[in-house]
Amino acid sequence: MLKVLDTSHSTGPQETFVLNLGPQHPATHGVLRVKLTMDGEFITNAEIVCGYIHREHEKMGENRKWDQFLPNTSRIDYLSAMMYTHAYVAVVEKAAGIQVPRRAEYVRVLTSEMNRITSHLLWWGAFLIDLGGLTPMLYAFDDREMVLDLLEALTGARLTFCYYRFGGLCDDVTDDFLTGTRKFVKHFRPRLKIFRRLVTDNIIVRKRLEDLGHVPAEMCRKYGATGPMIRGAGVAYDVRRAEPYSVYPELEFDIPTQPAGDNMARYLVRMAEMEQSLRIIEQTLDKMPDGPFMAKVPRILRPPAGDYVFAVESARGRFEVRVVSSGKEIPHRVRLRSPCFCNLSVFEEACRGMLLADALALMGSIDLVIPDIDR
Amino acid sequence: MKAPFNEVISGFVSLLTGMGITLGQLFRPIVTVQYPHQTLTMPKRFRGHILLKKEPTTGKSTCVACDLCVKACPSDCILVEGEKKPGEKRKSVTLFELDYTKCSLCGACVEVCPVDALEYSRAYNLASTSKQEYKVMDLVKRLEDSKHP
Ligand code: SF4
Ligand code: SF4
């Protein structure tokens with residue numbers, strides 16, 4: 001199989017052309033534009049043009065009160081809404097010195113991991129559509145729907161949950177939710193086995209993913225790519241372990257890695273992560289403490305002046321919020337470091353010399369959420 | 001010569017596995033809902049647009065037009081006016097307008113209300129031919145028109 005462009009043997013005139021991928025292209029799953037310089041079917045250069053869905057979230061954070069930014073946090077990476085809200089509430093709690101009740105922390109971890117599963121399921125379905133297989137998406141959405149129904153009954157929304165508050169949660173978990181989650185865990189383990197037989201072991205998928213789209217660990221480090229990107233390159237970097245937060249240190253889970261750094265490695269990492277999330281969910285259900293779900297928080301928040309940072313592991317990698325407080329009702333600066341932007345920047349270098357169809361598989365395996373890139 | 005042969009075999013095995021799983025799915029219960037013939041009921045905590053609650057005894061709203069929800073709303077989409085009627089201790093609401101085109105369904109207004117005068121609607125099938133219908137939603141009028149307690 002020809003993988004890397006080798007033009008040494010060709011004698012004809014060297015002509016390239018520019019191909020626009022996007023901004024409206026099904027494979028980019030949003031408004032992302034990539035200017036590809038093509039030599040026939042091979043990519044010689046790629047230039048990413050982003051900003052089509054720039055909404056100035058950071059600026060929005062700086063012109064409203066601390067708690068008024070909460071609804072925005074679910075709309076940056078709308079597939080990791082829980083984790084993103086977690087990062088923001090945690091950084092403000094750190095700044096204001098609010099102690100979060102243990103029950104709230106457990107519920108946060110529980111719902112974040114459920115959110116991770118829905119995110120990976122959506123990626124799985126959409127990625128396989130990119131590769132030309134429509135059916136797996138229906139399997140994925142069947143299960144994703146179960147989690148979303150549970151989360152909807154709990155939080156009142158299906159995607160933009162906005163469930164956490166400074167100092168806890170907006171409402172306590174219900175018994176229905178806990179039993180429903182247990183049922184889901186029981187249901188989902190065998191489903192993962194079906195997924196493996198249906199897709200992971202499928203020869204067509206393997207041929208399209210294995211040994212293609214190499215993103216080695218150095219390249220990840222160079223661009224700051226995190227999450228399944230760097231774990232798929234053999235580095236066990238996970239914010240939940242590297243900078244433990246919430247109650248993650250009390251829970252047992254592995255960080256799946258794959259050494260190969262190709263599309264398949266990233267695929268396998270995400271599939272294994274879903275299993276680990278199930279493990280975490282089970283433990284949080286078993287250990288769920290009783291008690292209050294909300295701390296006493298002053299109605300008007302004025303965190304002491306200072307510079308605060310908090311990072312979480314979202315479904316796509318390290319999401320970090322930095323806030324600068326000047327002791328006022330309104331933050332002085334809100335900075336969002338989103339994983340997708342860094343993960344995407346790998347693409348320019350990684351896709352050089354690839355066939356167009358393989359580059360689309362690479363793009364799918366990065367798992368992009370476009371609003372997260374532009375913020 | 002052997003490799004292509006092996007590939008054919010493993011390809012065939014993949015195909016059969018896939019078809020087997022699909023066949024198994026055929027006998028599982030249907031998971032989809034036949035919308036619009038069937039609809040789902042929204043859960044109790046579902047966050048639709050806000051509504052003024054009806055006080056069962058008086059049939060009116062308990063809102064005291066304190067403007068807290070106006071200040072809490074991040075999207076600036078509530079307008080409240082009230083007046084103190086003679087013989088009453090507190091103000092009562094005369095105008096409550098929601099600009100639903102800007103509302104982010106965050107719930108800040110519901111949580112902040114000191115007299116618990118707001119609730120979420122369970123409506124999710126909202127459609128109209130004119131934007132104006134959602135630009136200015138008169139919640140006081142809606143409350144008066146609503147039949148259910
Ligand atoms: S739900 Fe949020 S955005 Fe909508 S009116 Fe209430 S406070 Fe404003
Ligand atoms: S709805 Fe509640 S918060 Fe808003 S003005 Fe009326 S009483 Fe005040």
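Sequence lines set the chain letters: A, B, ... in the order given, protein chains first and strands last, and positions in each chain run from 1.
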Given a strict heavy-atom distance threshold of 4.5 Å, which part of [X] is in contact with chain B: side chain, backbone, both, or neither?
X: A/L70; result: neither
X: A/D142; result: side chain
X: A/R75; result: side chain
X: A/F161; result: backbone
X: A/R64; result: side chain

Is the count of non-hydrogen atoms from other residues, nucleotides or ligands lying under 6.0 Å from [X] atom [atom1] greater than 12?
X: A/H332; atom1: NE2; answer: no
X: A/K186; atom1: NZ; answer: no
X: B/N125; atom1: CG; answer: yes
X: A/R197; atom1: CZ; answer: no
X: A/L178; atom1: CG; answer: yes
X: B/D76; atom1: CG; answer: no

| task | Say whether, by atom type as modelled, one donor and one acceptor occur between the side chain of A/Q68 and the main chain of B/S75 under 3.5 angstrom. | result |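 No, the answer is negative, given that no donor and acceptor are paired below the 3.5 Å cut-off.
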| task | Answer yes or no: is there an ion pair linking A/E152 with B/R45, defined by an N-O contact shorter than 4.0 Å? | result |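 B/R45 and A/E152: not salt-bridged.
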| field | Minimum-distance pair of heavy atoms, taken over all atoms of B/R47 and A/T160 | value |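 It is NH2-O, 3.1 Å.
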| message | With chain B as the partner, which of A/L154, A/T135, A/D149, A/V205 has the greatest number of non-hydrogen pairs under 4.5 Å? | response |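 Top count of heavy-atom pairs under 4.5 Å with chain B: A/L154.
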| request: Could you look at B/P43 and say if it's the side chain, the backbone, both or neither that has a heavy atom under 4.5 Å from chain A? | output: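 Contact with chain A: side chain only.
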| Quick one: which residues of residues 9-33 of chain B reach chain A at under 4.5 angstrom, heavy atoms only? |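 Expected list: B/S10, B/G11, B/S14, B/T17, B/G18, B/I21, B/T22, B/Q25, B/R28, B/V31.
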